[in-house]
Number of protein chains: 2
Amino acid sequence: MDRTLADEAPGTTPEAQPEAGAGKQARRSATMRRRLCEAALDVLCEVGYESLTTPMIAARAGVSRGAQTHHFATKTDMLVGAFEHLLHGWDEARHAAFGGRNLGEVPFEDYLRFVWREIFSKPSYVAALELMLAARVDKELGDRLRRALDSPASQRNLRWRQLLRFPDVQKEEQFQYMTLCLLRGMAIHASFNRSDDVNEAVLDAWIELAEKIIAVERPESGVVAAAKERRRKPAG
Amino acid sequence: MDRTLADEAPGTTPEAQPEAGAGKQARRSATMRRRLCEAALDVLCEVGYESLTTPMIAARAGVSRGAQTHHFATKTDMLVGAFEHLLHGWDEARHAAFGGRNLGEVPFEDYLRFVWREIFSKPSYVAALELMLAARVDKELGDRLRRALDSPASQRNLRWRQLLRFPDVQKEEQFQYMTLCLLRGMAIHASFNRSDDVNEAVLDAWIELAEKIIAVERPESGVVAAAKERRRKPAG
DNA sequence: AACAAAAAACAGACTGGACTGTTTGTAAAA
DNA sequence: TTTTACAAACAGTCCAGTCTGTTTTTTGTT
């Protein structure tokens, strides 16, 4: 995951361009931005928000400082870019796992395990948390992160609407929020205590609890039993 | 909360010493350390971990850089000191609220609301989270923070043992851990989204859920009913 | 009890390094 | 030829850790 996405690596001979002509600049620019965002995320994961520097990002991306500052004028620009890139990656992971499937057909358990495995348990999520905590004292960063999260958050609401289908939307959002908080806390714990062993059990416990709640909030027949049956064959 | 704790403020005339003689140095030192830790926490809350500097701390404490480096040779020393100070503050808050009372007599609801109000919802908790996240990439800081948390964590286990009294200790620890994760996630949400409004409702919901779990795990008669009764008169 | 020597508390300057944002310069594309 | 992409150096700032110097306690000795 280093050079694979650099279809326009610096130093490439002019002849090697697969498709020249109009839009070349735009493509080059987009590629470079992506590379920088990815590098920024890598650096953020490796050294943390506190010691992250823009020169590090340029070096990690294998480009000059000039290129970096050209695409992201300030450090905040760079961080917001990295954050958006991360959000985009989550979308892709979700698409890879569930495609266009209606989440109403997806068992809660499967979806929860997916978000834990592919999002919250990753180091990049902890990196995102670092940004969010840093946003507490950096108003500009905070505003921009919140803006970046604006649309994804409302889309998430829609997905959970599909997933849970509580008649009481307020209870549904509360349940969603509780789950989010729990996963966040688990992510921190896994990061700080360097052991993920308890989390699987907690995930199980929450699923069990959640299915009871779902059964109460969404009085359709046999939800719990069906879910318990499905537990034997996790979705691929 | 600035000069009140400085019984030995720099510049005090030598005659004003309330108690001279043996142990004076030790007291002076302890006071200075406390002042520095408090200043470090203040700074951490105000500017965040990333922009916190040791000169800031010295300035905030109203002492020279020399004094600061004398008591805390490295930045990590200072941060660990601040962290321990925070933990100590939590102990004091708990003692102020419950004294030496056996937590078996305290309703879960009261205790949960207490830890949320006095610990997790405070800015200083978010500051602590910043340290814990920074510890991910700073091995020394991490090791020392974990060591500092060692004894407090096991004491917490004992308290929750008293509080919950589940026959199944494993389930109890899982429940404790789940609650901790939830509160952590809520703290982050309150910090990032700058709105605490949902959290009260979530706290209510968790309490309701928790009391059901408690009733199941600890089959004593009338626990839920008693707890529901007590909800009208919160403990002072 | 007095006093000298050692140790601790504190003050402030210095050093070496590194970072952010800017600016000037060059090559490629529009 | 005008704009965009990239390169590299510069300027100003500031920090962590160290070191030297001063004052205040403590300790050991008589």
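Numbers restart at 1 for each chain; the letters A, B, ... are given by sequence-line order, proteins then strands.
- Between B:F175 and B:W206, the ring center distance clears the sub-6.0 Å criterion.
- Residue A:H70 has a polar side-chain atom (N or O) positioned under 4.0 Å from OP1 or OP2 of D:dA5.
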Between N or O atoms, less than 3.5 Å apart, protein on one side and nucleotides 14-16 of chain D on the other: list the pairs.
residue : atom : partner : partner atom : Å
D:dA16  : OP1  : B:K75   : NZ           : 3.4
D:dA16  : OP2  : B:T54   : N            : 3.2
D:dA16  : OP2  : B:T54   : OG1          : 2.6

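- Atoms CE (A:M78) and C1' (C:dC19) sit 16 Å apart, rounded to a whole Å.
- Within the cation-pi definition used here (under 6.0 Å to the ring centroid, within 45° of the axis), B:R184 does not qualify as a partner of B:F120.
- Classified by interplanar angle (parallel below 30°, tilted 30° to 60°, perpendicular above 60°), the ring pair B:Y111/B:W160 is perpendicular.
- Remark: A:Y49 pairs with no residue by the side-chain hydrogen bond (donor to acceptor under 3.5 Å, both in side chains) rule, at least two apart or across chains.
- In terms of position on DNA chain C, the residue among B:S29 and B:T69 whose nearest nucleotide sits closer to the 5' end is B:S29.
- At whole-Å resolution of the value, CD1 in B:I57 and P in C:dC10 are 16 Å apart.
- A close approach under 4.0 Å does not occur between any side-chain nitrogen or oxygen of A:S64 and OP1 or OP2 of D:dA8.
- For the pair A:Q68 CD and C:dG21 C1', the computed distance is 11 Å after rounding to whole Å.
- Comparing B:G66 and A:A26 against DNA chain D, the residue whose closest nucleotide sits nearer the 5' end is A:A26.
- Between B:H71 and C:dA8, a side-chain N or O to OP1/OP2 separation shorter than 4.0 Å is absent.
- As rounded to whole Å, 11 Å separates atom P of C:dC10 from atom CZ of B:R33.
- Under the rule for a salt bridge (charged side-chain N to carboxylate O under 4.0 Å, His left out), the partners of A:D77 that lie at least two apart in sequence or sit in another chain are A:R144.
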Candidate pair B:R117 and B:D110, rule salt bridge (charged side-chain N to carboxylate O under 4.0 Å, His left out), full reasoning: CA-CA 10 Å; B:R117 179 170 19 90; B:D110 292 355; over 6 Å; no
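- The CZ atom of B:R27 sits 10 Å away from the P atom of D:dT25 (whole-angstrom rounding).
- As rounded to whole Å, 12 Å separates atom C1' of C:dA6 from atom CD of B:Q25.
- Whole-Å rounding puts the A:M32 CE to D:dC6 C1' distance at 7 Å.
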Derivation of the salt bridge (charged side-chain N to carboxylate O under 4.0 Å, His left out) call for A:E38 and A:R60: CA-CA 9 Å; A:E38 222 148 280; A:R60 166 56 81 107; over 6 Å; no
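- Atoms CG (A:L36) and C1' (D:dA7) sit 14 Å apart, rounded to a whole Å.
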